[in-house]
*Asks:* 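Starting off with a structure, shown below.
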Number of protein chains: 2
Amino acid sequence: MKSNQVTIVDIANELKMSKSTVSRALTGHPNVKPETRAKVTELAEKLDYQRNMLSISLITNKTKTIGIVLPDFFTSFFPQVVVGAQEEAARQGYSVIVSQCNESYETEVANSKVMLANRVDGVMVSLTKETLNYDHWKAFIRKKIPVVFFNRVCEEMMVPKVVVNDYDAAFQAVKHLISIGKRRIAHLAGPAQLVISRKRMNGYRDALIKNNIPIDEDLIIEFDLNLTKVKMYVKHLLGMTNPPDAIFAVNDPTAIEAIQIIKQSGKRIPEDIAVVGFSDNYGSNFIEPSLTTIAQPVKEIGKTAMELLLGLMDKDISEWKPLIKTLDTELVVRNSTVKQVLEQ
Amino acid sequence: MKSNQVTIVDIANELKMSKSTVSRALTGHPNVKPETRAKVTELAEKLDYQRNMLSISLITNKTKTIGIVLPDFFTSFFPQVVVGAQEEAARQGYSVIVSQCNESYETEVANSKVMLANRVDGVMVSLTKETLNYDHWKAFIRKKIPVVFFNRVCEEMMVPKVVVNDYDAAFQAVKHLISIGKRRIAHLAGPAQLVISRKRMNGYRDALIKNNIPIDEDLIIEFDLNLTKVKMYVKHLLGMTNPPDAIFAVNDPTAIEAIQIIKQSGKRIPEDIAVVGFSDNYGSNFIEPSLTTIAQPVKEIGKTAMELLLGLMDKDISEWKPLIKTLDTELVVRNSTVKQVLEQ
DNA sequence: CTGTTAGCGCATTCAA
DNA sequence: TTGAATGCGCTAACAG
């Protein structure tokens with residue numbers, strides 16, 4: 001089936017000149033008579049000629065396409081990261097191809113193959129909660145295709161990463177709980193294979209220790225982020241003989257789930273039990289009580305990761321520095337810890 | 001810069017055979033001695049050979065890539081559509097390239113150019129709220145690149161579309177409000193250039209008429225979906241001498257915004273004023289009171305649109321039928337209209 | 001069964 | 001300033 005798109009040959013024939021001249025005229029090559037260039041560009045415009053990036057990619061071995069691989073598309077977090085990343089990519093003349101993995105390691109591997117097949121010039125990756133093996137990403141490095149991790153990063157790979165100050169943020173969140181008088185602070189933690197889970201956990205532990213509050217391992221529940229399990233955990237916590245007076249959740253969806261269970265139980269938030277989340281997802285400001293949480297600079301994470309990635313583009317692999325950018329977060333205090341004065 | 005990826009030539013040289021034999025062995029061509037094929041595939045495996053889709057695309061004039069252009073990534077709606085679409089695309093061996101437009105017409109045009117430059121085999125489009133000119137999409141048809149609209153469709157283009165029964169759903173929603181005793185039902189409507197806005201508006205009007213309730217134009221507020229304006233509108237409605245006893249909002253974010261304003265005003269939901277939204281977005285089930293809304297089969301919308309699009313792939317343009325698929329929605333009754341019995 | 005050749009659309013030598 | 005020739009990696013048509 002013949003192409004329906006106009007090619008350089010079409011223009012050359014029409015204008016009775018060589019393809020190379022047309023090509024030069026179209027690519028802004030200096031050695032073209034202005035008059036010739038005018039004729040060519042005019043006809044190209046008229047015919048709605050579009051350069052075939054495929055052939056150029058074949059020649060240059062560059063596709064000007066960046067792959068973004070995400071663990072999920074469920075909350076507002078990752079889509080917003082994509083927005084930031086895409087803007088930056090567009091600014092630098094790159095397109096973006098996105099795929100999400102439904103938090104499945106196998107899908108992640110499959111998606112990495114898609115990126116390879118599409119000959120992306122680089123990938124921006126956030127790992128699924130299942131991912132423990134990184135061979136599929138190491139293969140990119142072997143092929144000299146740069147990889148940048150963000151949010152859910154791979155510690156053992158020496159590549160650029162964009163993260164937030166998870167440890168500090170968690171520390172601040174727990175400190176905030178302590179400052180409002182809470183002492184038995186539970187932690188609904190993410191799976192230990194995720195670096196962010198461990199960092200938030202450490203921030204939690206250290207905040208307690210620094211404030212001379214003994215750590216009660218019974219108040220720490222680590223789980224796989226499967227939200228259906230939160231109900232059971234929260235009920236368990238509430239039913240303890242010495243129940244917690246606060247919960248620090250590893251992320252907002254977990255915190256939101258927890259809030260609903262606590263409300264059903266009849267306990268008051270924050271008086272009986274305060275709740276803090278992480279990320280300031282969509283919805284966290286209008287759940288009742290509104291959720292105190294750690295706001296991440298979502299779009300900036302995407303933008304920064306893309307900048308880091310594109311920065312490696314023209315460099316030799318020997319110059320790839322495993323730079324780690326740590327962005328700042330902000331504790332957003334809402335009603336789930338401190339009742340706010342209603343503003344009109 | 002030489003490619004770092006293994007090519008067929010590399011394998012052919014290593015094995016001292018012709019490139020065509022290697023190619024045949026790798027593509028599953030029947031006329032290859034099993035022994036030869038074994039040798040080739042083994043070496044390909046070992047060298048981590050990856051077919052360069054670029055050259056194949058150049059030959060076949062097909063990229064096996066579908067573009068998805070969305071108005072925004074703000075709510076959970078469009079990302080979920082992408083998930084459905086991507087799954088179906090992957091199933092049929094296609095990749096997907098996504099871009100979102102921040103509800104800007106100009107960005108939509110720019111994104112359409114990106115899709116063209118990337119030589120997508122087809123596009124799945126939902127229009128921005130600003131879009132009134134469709135030349136950029138008509139250009140696709142001229143180039144024989146199929147276009148399928150979904151959700152925010154273009155009426156004047158005769159191409160396949162995937163929508164939900166917006167009219168019926170709106171009708172049901174308003175009928176539901178009437179059934180619980182509401183009579184002065186306001187409508188926060190979307191901009192008239194969006195077909196979905198008009199259909200929902202018509203469903204709203206007809207439901208009132210069918211139930212012998214006079215339409216009060218003062219209760220109908222059409223706006224550009226800019227959420228910051230909702231506060232003003234709702235306050236205006238609440239301040240009327242004869243205020244509405246219900247609000248039907250064109251989408252969930254609007255309804256959620258409305259609920260918050262109403263709560264601040266001290267009015268009770270649903271006793272004083274009931275609220276219904278549209279789409280069942282993330283968050284609608286946990287806002288308080290939880291939002292009665294119309295649930296859309298989000299992933300199925302994506303899947304269906306992709307099926308329709310891929311169905312056109314091998315067909316001649318003369319066979320493209322402007323099929324319109326209308327998917328069913330479901331009224332989800334929650335506390336913003338009828339207080340539910342708490343389930344444990 | 002395997003090798004040879006041509007060509008997809010373009011940019012880029014080298015010649016003129 | 002322009003034209004002709006080469007090749008990016010691969011498949012397919014044509015010979016053996």
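Every chain is numbered from 1 and lettered A, B, ... according to where its sequence line falls, protein lines coming before strand lines.
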*Asks:* Hey, could you give me each pair passing side chain to side chain donor-acceptor pair (under 3.5 Å) that has a residue in residues 90-100 of chain A? Not counting sequence neighbours.
*Replies:*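 For residues 90-100 of chain A: Glu88(A)-Arg91(A), Glu88(A)-Gln92(A), Ser95(A)-Asn118(B), Ser99(A)-Asn111(A).
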*Asks:* Quick check on dC8(D): is either OP1 or OP2 less than 4.0 Å from any side-chain nitrogen or oxygen of Ser55(B)?
*Replies:*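 It does not, given that no N or O in the side chain of Ser55(B) lies less than 4.0 Å from OP1 or OP2 of dC8(D).
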*Asks:* Whole Å only: how far is the CG atom of Asn61(A) from the P atom of dG9(D)?
*Replies:*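 For the pair Asn61(A) CG and dG9(D) P, the rounded distance is 7 Å.
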*Asks:* Rounded to the Å, how far apart are Asn31(B) CG and dT11(D) P?
*Replies:*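 About 16 Å, once rounded to whole Å.
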*Asks:* For the pair made of NZ in Lys16(A) and P in dT2(D), what is the distance, rounded to whole Å?
*Replies:*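 In whole Å, dT2(D) P and Lys16(A) NZ are 17 Å from each other.
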*Asks:* Does the protein touch nucleotides 11-16 of chain C at the base, only the backbone, or not at all? Give it as B, S and - per nucleotide, heavy atoms under 4.0 Å.
*Replies:* BBB---
*Asks:* In whole angstrom, give the distance that lies between atom CD1 of Ile11(B) and atom C1' of dG9(D).
*Replies:*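 Computing the Ile11(B):CD1 to dG9(D):C1' distance gives 12 Å.
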*Asks:* Assess, by modelled atom type and distance only, whether the side chains of Asp316(B) and Ser318(B) contain a donor and an acceptor separated by less than 3.5 Å.
*Replies:*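 Result is yes, a qualifying pair exists.
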*Asks:* Quick one: Lys33(A) NZ to dG3(D) P, roughly how many Å, whole number?
*Replies:*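 The answer, rounded to whole Å, is 10 Å.
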*Asks:* Quick one: label Ser57(A) by what it contacts on the DNA or RNA (base, sugar-phosphate, nothing), any heavy atom closer than 4.0 Å.
*Replies:*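 Nothing, no nucleic acid heavy atom in range.
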*Asks:* Say whether, by atom type as modelled, one donor and one acceptor occur between the side chain of Lys138(A) and the main chain of Met157(A) under 3.5 angstrom.
*Replies:*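 Not confirmed, Lys138(A) side chain does not pair with Met157(A) backbone.
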*Asks:* Could you give the CE-to-P distance, from Met17(A) to dT1(D), as a whole number of Å?
*Replies:*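 Result: 14 Å.
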*Asks:* Take the C1' atoms of the five end pairs on each side of the helix from dC1(C)-dG16(D) to dA16(C)-dT1(D), derive the two axes, and give their angle rounded to 10 degrees.
*Replies:*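 End axes: 50° apart.
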*Asks:* How many Å lie between CG on Asn52(B) and P on dC8(C), as a whole number?
*Replies:*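 Result: 18 Å.
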*Asks:* Let's go through Val40(B) and Met17(B) carefully: what are the C-alpha distance in whole Å and the side-chain angles of both, what is the deciding distance for side chain to side chain contact (heavy atoms under 4.5 Å, CB included) to 0.1 Å, and is it a yes or a no?
*Replies:* CA-CA 10 Å; Val40(B) 171; Met17(B) 54 174 77; 3.8 Å; yes
*Asks:* Please check the phosphate of dT2(C) (OP1 and OP2 only) for any side-chain N or O of Thr21(B) closer than 4.0 Å.
*Replies:*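 So the side-chain polar atoms of Thr21(B) never come under 4.0 Å of the phosphate oxygens OP1 or OP2 of dT2(C).
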*Asks:* What pairs of residues pass the ring-ring contact (aromatic ring centres under 6.0 Å, His included) test when at least one of them lies in residues 96-129 of chain B, not counting sequence neighbours?
*Replies:*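 Of all non-adjacent pairs touching residues 96-129 of chain B, those that pass ring-ring contact (aromatic ring centres under 6.0 Å, His included) are Tyr105(B)-His136(B).
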*Asks:* Passes side chain to side chain contact (heavy atoms under 4.5 Å, CB included), Met53(A) versus Arg119(B)? Steps please.
*Replies:* CA-CA 8 Å; Met53(A) 296 306 291; Arg119(B) 289 298 207 265; 6.0 Å; no
*Asks:* Which pairs count as side chain to side chain donor-acceptor pair (under 3.5 Å) when at least one residue sits in residues 30-53 of chain A, sequence neighbours excluded?
*Replies:*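 For residues 30-53 of chain A, and leaving out neighbouring residues, the side chain to side chain donor-acceptor pair (under 3.5 Å) pairs sorted by first residue read Asp48(A)-Lys143(B).
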*Asks:* I need the CE-C1' distance between Met53(A) and dC8(D), as an integer number of Å.
*Replies:*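 Interatomic distance, CE of Met53(A) to C1' of dC8(D): 14 Å.
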*Asks:* Going by ring-ring contact (aromatic ring centres under 6.0 Å, His included), name the residues that satisfy it together with Tyr134(A), two or more places apart in sequence or in a different chain.
*Replies:*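 ring-ring contact (aromatic ring centres under 6.0 Å, His included) list for Tyr134(A), sorted by chain: empty.
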*Asks:* Are the side chain of Asp121(B) and the backbone of Ile66(B) linked by a donor-acceptor contact shorter than 3.5 Å?
*Replies:*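 No, the answer is negative, given that no donor and acceptor are paired below the 3.5 Å cut-off.
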